[in-house]
Amino acid sequence: AVVSTQSTGGVLERTSKLKATKKHIKSHNKSVRAALYNHNFNQVVSTSYDSMVCVWDLETGEKVIQFSNCHGDHEITAMTFDPTHRRLITAGKDGTIKIW
């Protein structure tokens, strides 16, 4: 899977294991800030400048869940997984850190 950003929003591009066709999905309304791969669940977690976090299933390319206003009106500046890859940690421009 390839995760890229554009000035109008992010695009999650994947190639299906069953087909040789590519499927383009608009992932965010604002530019993507970061994307992390979670090997435990075969998912990508992405975040954008509008404080949104999305979880993507790599097998289907579908959005599993979306969280809006994760840090209120503040941008998410960083994210990582804990050592077990079971919890997401985000940091906001307002100086807060959240563990999900």
Side-chain angles (χ1 to χ4, degrees):
V2 175
V3 179
S4 62
T5 62
Q6 299 176 1
S7 60
T8 58
V11 175
L12 178 67
E13 182 180 310
R14 72 169 186 89
T15 303
S16 172
K17 290 181 181 177
L18 302 176
K19 299 178 186 175
T21 61
K22 291 183 180 179
K23 182 178 181 181
H24 295 279
I25 302 165
K26 183 171 180 181
S27 57
H28 292 274
N29 293 326
K30 299 276 185 172
S31 295
V32 172
R33 178 77 173 183
L36 299 172
Y37 174 67
N38 186 307
H39 59 80
N40 286 350
F41 304 107
N42 198 31
Q43 296 174 330
V44 169
V45 179
S46 59
T47 186
S48 57
Y49 281 98
D50 57 358
S51 196
M52 182 179 297
V53 172
C54 297
V55 179
W56 303 90
D57 183 294
L58 281 185
E59 187 64 33
T60 65
E62 299 295 320
K63 188 184 299 183
V64 176
I65 194 163
Q66 173 179 305
F67 301 97
S68 300
N69 298 316
C70 294
H71 284 265
D73 292 334
H74 302 283
E75 297 172 13
I76 295 174
T77 56
M79 70 175 181
T80 190
F81 289 112
D82 74 346
T84 67
H85 280 86
R86 295 200 169 275
R87 296 166 107 186
L88 179 69
I89 302 165
T90 58
K93 196 169 186 175
D94 61 348
T96 61
I97 295 174
K98 294 188 178 184
I99 301 172
W100 303 85

When rounded to the nearest 0.5 angstrom, what distance separates CG in N38 from CG in L58? 9.5 Å
Name each donor-acceptor pair under 3.5 Å that joins a side chain in residues 67-77 to protein atoms two or more places apart or in another chain, with its distance.
unit_1 : atom_1 : unit_2 : atom_2 : d
H71    : ND1    : T96    : OG1    : 2.9
H71    : NE2    : T90    : OG1    : 2.8
T77    : OG1    : A91    : O      : 3.2

Gap separating the NZ atom of K98 from the CD1 atom of I89, nearest 0.5 angstrom: 14.0 Å
Heavy-atom side-chain proximity of W56 to Q43 below 4.5 angstrom: no
How many angstroms lie between atom CD of Q66 and atom OG of S48, to the nearest 0.5 angstrom? 8.5 Å
How does the hydrophobic cluster around F41 look, that is, which other residues are in it when side-chain heavy atoms under 4.5 Å mark a link? none
Please list, chain by chain and in numerical order, all residues satisfying side-chain hydrogen bond (donor to acceptor under 3.5 Å, both in side chains) with D82, sequence neighbours excluded. T84
Would you say the side chain of Y37 lies within less than 4.5 Å of the side chain of N42, judging by non-hydrogen atoms? yes
Please determine whether residues W100 and V64 belong to a single hydrophobic cluster, defined as Ile, Leu, Val, Met, Phe, Trp and Tyr linked transitively by side-chain heavy-atom distances below 4.5 Å. yes
If the condition is side-chain hydrogen bond (donor to acceptor under 3.5 Å, both in side chains), which residues does S51 pass it with, not counting sequence neighbours? none
Do the side chains of L36 and L88 get nearer than 4.5 Å, heavy atoms only? yes
Considering residues at least two apart in sequence or located in another chain, which fulfil the ring pair (Phe, Tyr, Trp, His ring centres under 6.0 Å) criterion with F81? H85
